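Reviewing the structure listed below.
Keep in mind that this is a model prediction, so the values were computed, not measured. Values below: every heavy atom of this structure, side chains too, minus hydrogens, waters and symmetry copies.
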There are 2 protein chains.
Amino acid sequence: MGNREKIIRGAIELMNARGSAVGTSALAEHLGISPGNLYYHFRNREAIVAEILTRCADDLHAILDVSDQSEISPERFASCYVGGVRVLFEYRFLFSSALELVSSDASLTAAYRKFSETSVGQLKLALSLARAVAASERALTDDDARRFCQNMWLIWTGWPRYAQVNLGRDMDQTDQMECLRHLTLLIEPYVTPAFFQAVSEQAVQQFAQPPKTLA
Amino acid sequence: MGNREKIIRGAIELMNARGSAVGTSALAEHLGISPGNLYYHFRNREAIVAEILTRCADDLHAILDVSDQSEISPERFASCYVGGVRVLFEYRFLFSSALELVSSDASLTAAYRKFSETSVGQLKLALSLARAVAASERALTDDDARRFCQNMWLIWTGWPRYAQVNLGRDMDQTDQMECLRHLTLLIEPYVTPAFFQAVSEQAVQQFAQPPKTLA
DNA sequence: GTCTATACGCCGATAGAC
DNA sequence: GTCTATCGGCGTATAGAC
């Protein structure tokens, strides 16, 4: 693995642990390279964050993409949750320190905004396909469906920070499972009991499986 | 109004707008006083944030305190939401930059954690009193009631940041109303239609009234 | 590609005059 | 109580040797 890749991974690791304020010198020291070396691989500090944001967005959008489905299965629905929780935890500092990141750079702001909008849109699509399955008696207006998905996004992205601050330690598997439970609790009233049951079981099952690692 | 009070209010204003990274020099310049003057009134920068956190916690806890009720009315329930949204917006930087604030100081961490825990506990109490009113068929286990209140807290405290980042402007009245709608959407499945209707109407009505200002 | 050395600016905080 | 002046430290970024 080249230094460029090491820098990206080290930045994610350090910023997840200490917040986005981690500086270039601290990062270099953590990696055992010189501060100057960072600037050979990246134009500046923001370029590192920008690349991490892009990776996160790509990973999540791949997982939440259900545009090829006409009706979503409990398995697929659960995989959105499980995969999404994994990704959002992996890059959690992006959401815990969103305001700081965004206020430092205009192009980051645009990228971040697009990321949120696309994700919420994907959730909305998945929800509409799932509601067809669910045949729930509790219908949502279009505005309320949007609010519902925004709520889901807020919990999804907010839980890591909440857990980190309030539990006083960094995240582990248990906290990810708890995040899953918070999310499934949210959808429970809007799907049929059978669908909810199937999603819950699938979520636990898929979560127990090791995440697919990149080659 | 003395300079001490000006500093507190100016800090809230600036940090809400620009994030918690606002420095002492920027703050002093904004207020038209000298940087040194800050340190006459406060031991250091953290002392300013700590006092703001205390004020926020006191304000919110007063609003969410329903421990004197045996059964909560829709009016009282709505007043928790409306008052809470107002308070959390007033001090929104505390939640948008929570990780940064907390990681800088150990005593702040403890205060912040206690604040969250107490608030979620208050929500849980209010919910249990409201469910008695609601006689809803959708019962929550104790664990799920806790998760539900944590979800509410996450939306409550996360919405300002979400709106600020994604709408690209600072908050206004409309955004507060939207936050209210997100919160009421959350409780809708767990209360009777009549109770929900009453809470919604009360929320709109109370929100339209000018907030009570301090003398 | 990686290093050392360093310039530059900003911020938190203090000293001491008024 | 408020000011000016200033110190020391840290963080970003660059220059240039290897």
Side-chain angles (χ1 to χ4, degrees), chain A residues 1-53 93-94 96-109 111, chain B residues 1-53 93-94 96-109 111:
Chain A
M1 183 170 53
N3 265 358
R4 191 175 196 284
E5 187 63 20
K6 274 187 195 164
I7 292 168
I8 292 285
R9 300 200 187 184
I12 294 172
E13 190 185 336
L14 263 191
M15 291 183 179
N16 276 340
R18 296 192 216 162
S20 73
V22 170
T24 50
S25 32
L27 178 54
E29 189 181 6
H30 175 72
L31 294 169
I33 66 174
S34 71
N37 194 350
L38 288 177
Y39 290 87
Y40 172 79
H41 294 285
F42 295 93
R43 210 179 70 263
N44 56 27
R45 192 179 170 281
E46 276 154 17
I48 301 175
V49 177
E51 172 149 342
I52 295 173
L53 179 59
F93 82 92
L94 289 176
S96 302
S97 309
L99 193 61
E100 279 70 22
L101 293 174
V102 150
S103 62
S104 75
D105 183 75
S107 70
L108 265 183
T109 309
Chain B
M1 182 170 53
N3 266 356
R4 192 175 195 285
E5 188 62 22
K6 274 188 196 164
I7 292 168
I8 292 285
R9 300 201 187 182
I12 295 172
E13 190 186 336
L14 263 190
M15 291 184 179
N16 277 340
R18 297 193 216 162
S20 72
V22 169
T24 50
S25 31
L27 178 54
E29 189 182 5
H30 175 72
L31 294 169
I33 66 174
S34 71
N37 194 348
L38 288 178
Y39 290 87
Y40 172 78
H41 294 285
F42 294 93
R43 210 180 71 262
N44 56 26
R45 191 179 171 281
E46 275 152 17
I48 300 175
V49 176
E51 172 150 340
I52 295 173
L53 178 60
F93 81 93
L94 288 175
S96 302
S97 308
L99 194 60
E100 279 69 22
L101 293 174
V102 150
S103 63
S104 74
D105 183 75
S107 70
L108 265 182
T109 309

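Rounded to whole angstrom, the span from the CZ atom of A/Phe42 across to the P atom of D/dG11 amounts to 20 Å. A/Asp105 places its CG atom 11 Å from the P atom of D/dA13, with the value rounded to the nearest Å. Per the geometry, CD1 belonging to A/Ile33 stands 14 Å off C1' belonging to C/dT4, to the nearest Å. For B/His41 and D/dG1, the NE2 to P distance is 7 Å, given to the nearest whole Å. Protein atom CD1 of A/Ile7 is 10 Å distant from nucleotide atom P of C/dC3, rounded to whole Å. Atom CD in A/Glu29 sits about 13 Å away from atom C1' in D/dC10, given to the nearest Å. In this entry the distance linking CZ of A/Arg43 with P of D/dA13 reads 9 Å, nearest Å.
Within 4.0 Å of A/Leu38, counting heavy atoms only, lies no atom of the nucleic acid at all. When heavy atoms are screened at a 4.0 angstrom cut-off, A/Gly36 is found touching base atoms of the nucleic acid.
With a 6.0 Å radius and a threshold of 12 heavy atoms from other residues, nucleotides or ligands, B/Glu29 has its CD atom at or below the threshold.
Heavy-atom minimum distance, B/Val49 versus B/Leu101: CG1-CD2, 3.8 Å. Of all the heavy atoms in B/Ser96 and A/Glu100, the pair that sits closest is O-OE1, 4.1 Å.
Look at A/Tyr40 and you won't find any side-chain N or O under 4.0 angstrom from OP1 or OP2 of C/dT2. A sub-4.0 Å separation between OP1 or OP2 of C/dT2 and a side-chain N or O of A/Asn3 is present. Neither OP1 nor OP2 of D/dG1 sits under 4.0 Å from any side-chain N or O of B/Asn37. For A/Thr24, no side-chain nitrogen or oxygen approaches OP1 or OP2 of D/dG11 to under 4.0 Å. Taking only side-chain nitrogens and oxygens, B/Ser25 comes nearer than 4.0 Å to OP1 or OP2 of C/dC11. A sub-4.0 Å separation between OP1 or OP2 of D/dA13 and a side-chain N or O of A/Tyr39 is present.
Considering B/Val22, B/Leu14, B/Ile52 in turn, B/Ile52 is the only one that fulfils the side chain to side chain contact (heavy atoms under 4.5 Å, CB included) rule with B/Phe93.
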Take A/Ser103 and B/Arg18 through the test side chain to side chain contact (heavy atoms under 4.5 Å, CB included) and record every step on the way to the result. CA-CA 7 Å; A/Ser103 62; B/Arg18 297 193 216 162; over 6 Å; no

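The side chain of B/Asn44 sits closest to C/dA13 out of D/dT2, C/dA13, C/dT2.
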